[in-house]
Structure formats: structure tokens, C-alpha cells
Number of protein chains: 2
Amino acid sequence: MEEQKELQPKVEKSFELIGKKWTGLIIYVLMSGPKRFSELNEAIPALSRRLLTERVKELEEHGIVLRTVIPERPIRTEYTLTQKGKELGQILGPITQWAESWIKD
Amino acid sequence: MEEQKELQPKVEKSFELIGKKWTGLIIYVLMSGPKRFSELNEAIPALSRRLLTERVKELEEHGIVLRTVIPERPIRTEYTLTQKGKELGQILGPITQWAESWIKD
């Protein structure tokens, strides 16, 4: 119990992070491999470019997404999940299943 | 992808619910079996009775906790996880592990 209580703020921070609108879906899309900004944008058409930019920046700041500039012509920017991000992506599965089974529209 | 997009609001609702301060810990405590209010209160001393009352009421409204009045003398009230609650408790484990590994204090 003691240990659980100390963990509680960390668990709450996690939920705060992954509970943000669209964050789960961006991670889900990146689970299939690195994506360029335009590919992320196409994969989630309901999400505006402005908000997508904001969300990937947050995920980068949290060490979940790595932004890589590929020095080709034209210059490309790729987004990849870090190890932290991949492990988060793996637990999104069971959460999504629970939500699908139990949360009413 | 289409399916994922429709699921997204449900996943966000889930996070909203379980991301609330103390909710995860209350569910965790109830995973070990039904508890009386006083037992919950003792298990999480840092949580005030007022806030505990509020949280268990929310969990009851969401169908996660079942409140049972046991007609003995003195009358006892017991809180039990529903099936929905138990399944939620099971996914709290991996989330907690991820948080423990990756979230900095």
C-alpha cells in the first residue's frame, strides 16, 4: 500500500498525459512505424494541422515521440515512438478494449 | 482506423474517469475484496472522508463500484467492485508499471 500511494501521483500524471484529446490516437498511428507530419495528418483527418502540431510537440517534450530531421532534398521530418512511447502504445490496447466494452456513448 | 477514431471519445472518457485524483487507488484497494467505508478510509489515510465519499459516489454512478447495505445490527455498508470495475482494476496494473518506469517525479 505504501508503495502504491507514492505511485499514485505518477499514475495521475500518466492519465493527464494520455487522456488529452487525440494523444492516444496519434500514438496508435505511430505504433505502425515512423511517420512524416503529412502522413500523421492524413491518418487523422478530423484533427487540424494546428492541433496536431501542438500534440506532437507535447509528446516530444514528454519523451514519447522523437522528431528526426532527415537531411535529404527536400528535407523530411519524421516522427517515431521512443521506447517510452512504444511501451505506452502497448498498454493503450487493453485500455481501449475496456473502454469499448464498458463505456456507453 | 475508422474504428479507432470512433473509439477515441470512449477512451478519453475512460481516462477522464480513472485519471481523477485517488480514483485509481480506491479501485486498487477494492481489488482485494469488498470493503466498508471505514476500511477504505483507513486504507487511504491521506484522503479525507469528504473526498472519499465523493469519489465512491462517482464510481457508483459509473457502475464501477456497487454499494450494498447489509441489514445487520448495526447496519453495514459495503463497497464492492462490479465486473466493469474489476476489469478496470486489472488494466491499472500495466498502467502503474509504465508510470513507475517512465514518469519522473
Side-chain angles (χ1 to χ4, degrees), chain A residues 1-32 39-40 42-47 55 61-64 81-105, chain B residues 1-32 39-40 42-47 55 61-64 81-105:
Chain A
M1 280 306 303
E2 277 310 315
E3 205 185 317
Q4 279 294 327
K5 262 177 270 170
E6 283 163 26
L7 253 172
Q8 183 69 2
K10 288 190 180 186
V11 173
E12 280 154 12
K13 267 191 206 172
S14 312
F15 287 129
E16 215 172 279
L17 176 65
I18 45 186
K20 272 203 162 177
K21 207 161 162 56
W22 302 109
T23 298
L25 198 50
I26 294 168
I27 295 169
Y28 172 78
V29 171
L30 287 173
M31 284 295 278
S32 63
E39 289 174 312
L40 279 176
E42 279 161 31
I44 319 170
L47 175 57
R55 283 292 175 272
E61 284 164 1
H62 283 98
I64 287 170
L81 288 179
T82 60
Q83 188 56 31
K84 179 180 179 180
K86 279 178 199 159
E87 288 181 23
L88 180 57
Q90 279 155 10
I91 57 175
L92 284 179
I95 298 169
T96 304
Q97 277 176 347
W98 181 84
E100 185 170 29
S101 305
W102 294 105
I103 303 285
K104 304 281 181 298
D105 290 311
Chain B
M1 280 306 304
E2 278 311 314
E3 205 186 317
Q4 279 293 326
K5 262 176 271 171
E6 283 163 26
L7 253 172
Q8 183 69 2
K10 287 189 179 184
V11 173
E12 281 154 12
K13 265 191 206 170
S14 312
F15 287 129
E16 214 173 279
L17 177 64
I18 46 187
K20 272 203 160 175
K21 207 161 161 55
W22 302 110
T23 298
L25 198 49
I26 295 168
I27 295 170
Y28 172 80
V29 171
L30 287 172
M31 283 297 278
S32 63
E39 290 174 312
L40 279 177
E42 279 161 30
I44 319 171
L47 174 58
R55 284 291 175 275
E61 283 164 1
H62 282 100
I64 287 170
L81 289 179
T82 61
Q83 188 57 30
K84 179 180 178 178
K86 279 179 199 159
E87 289 181 21
L88 181 57
Q90 279 156 8
I91 57 175
L92 284 178
I95 298 170
T96 304
Q97 276 176 348
W98 181 85
E100 185 169 28
S101 306
W102 294 106
I103 302 285
K104 305 282 180 298
D105 288 312

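Every chain is numbered from 1, with letters handed out A, B, ... down the list of sequences.
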Task: B:Ser101: side-chain contact (heavy atoms from CB on, under 4.5 Å) partners, not counting sequence neighbours - done: none

Open item on the list: Going by the rule side-chain contact (heavy atoms from CB on, under 4.5 Å), which residues pair with B:Gln90 if we only count those two or more places apart in sequence or in a different chain?
Closed with: B:Met31, B:Glu87

- [ ] Please state whether the side chain, the backbone, both or neither of B:Trp102 comes within less than 4.5 Å of a heavy atom of chain A.
- [x] both

- [ ] Apply the side chain to side chain contact (heavy atoms under 4.5 Å, CB included) test between A:Ile95 and each candidate in B:Leu92, B:Ile95, B:Leu88; give the one that qualifies.
- [x] B:Ile95

- [ ] Give, for atom CD1 of A:Ile103 and atom NZ of B:Lys84, the distance between the pair rounded to the nearest 0.5 Å.
- [x] 4.5 Å

